[in-house]
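Everything on this sheet refers to the single structure shown next.
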Amino acid sequence: GAPRSPAELHELCRAALAPAEAHVLRTPPSLIDEWESAEGRPSRTYRFSYSSSTLALSRQRALDMNRRVCEAVAAAGAGRPRTPSVESLAELAAAAALRE
């Protein structure tokens, strides 16, 4: 089911990464915004911090890891990513073009 705490969210997201990458999410995400819609739907915004002393975290690698983390959150029913960044959209388009 959906994670109920930042610690559970942290574990869900670490599990979405390869074993050699999971350490880059050293701490649980930080809650940076929380509100409720007029219909009573809660909304939370979290900040994830990626860092490693053993892996080179290029922009490409960080975006790929973030994509996998967001997909895991959505698959668990824990939320949905905000509008993707321009970089993420460009990556998706490039990946789709390679598959064709």
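Residues: numbered from 1 along the sequence shown. Because the structure is predicted, anything quoted here is derived from the model rather than measured. Values below: all heavy atoms of this structure, side chains included; hydrogens, waters and symmetry mates excluded.
L31 and R44 make their closest contact through CD1-CB, 3.7 Å (heavy atoms, listed as atom of the first residue, atom of the second, distance). Minimum interatomic distance between L25 and S49 (heavy atoms only, all atoms of both residues): CD2-O, 3.7 Å. Of all the heavy atoms in C13 and V69, the pair that sits closest is SG-CG1, 3.4 Å.
Side-chain contact between Y50 and L55 is absent, with no heavy-atom pair separated by less than 4.5 Å. Residues P28 and L9 fail the side-chain proximity criterion, which asks for heavy atoms closer than 4.5 Å.
A donor-acceptor pair under 3.5 Å is formed between the side chain of R14 and the backbone N or O of A22.
With hydrogens and angles left out, the side-chain atoms of S58 and Q60 include no donor and acceptor closer than 3.5 Å.
Just one of R26, H23, R61 meets the side-chain hydrogen bond (donor to acceptor under 3.5 Å, both in side chains) condition when paired with S52; it is H23.
Note that the CG atom of L57 and the CD atom of E21 stand 9.0 Å from one another [nearest 0.5 Å]. Note: L63 CG to R68 CZ = 11.5 Å, rounded to the nearest 0.5 Å.
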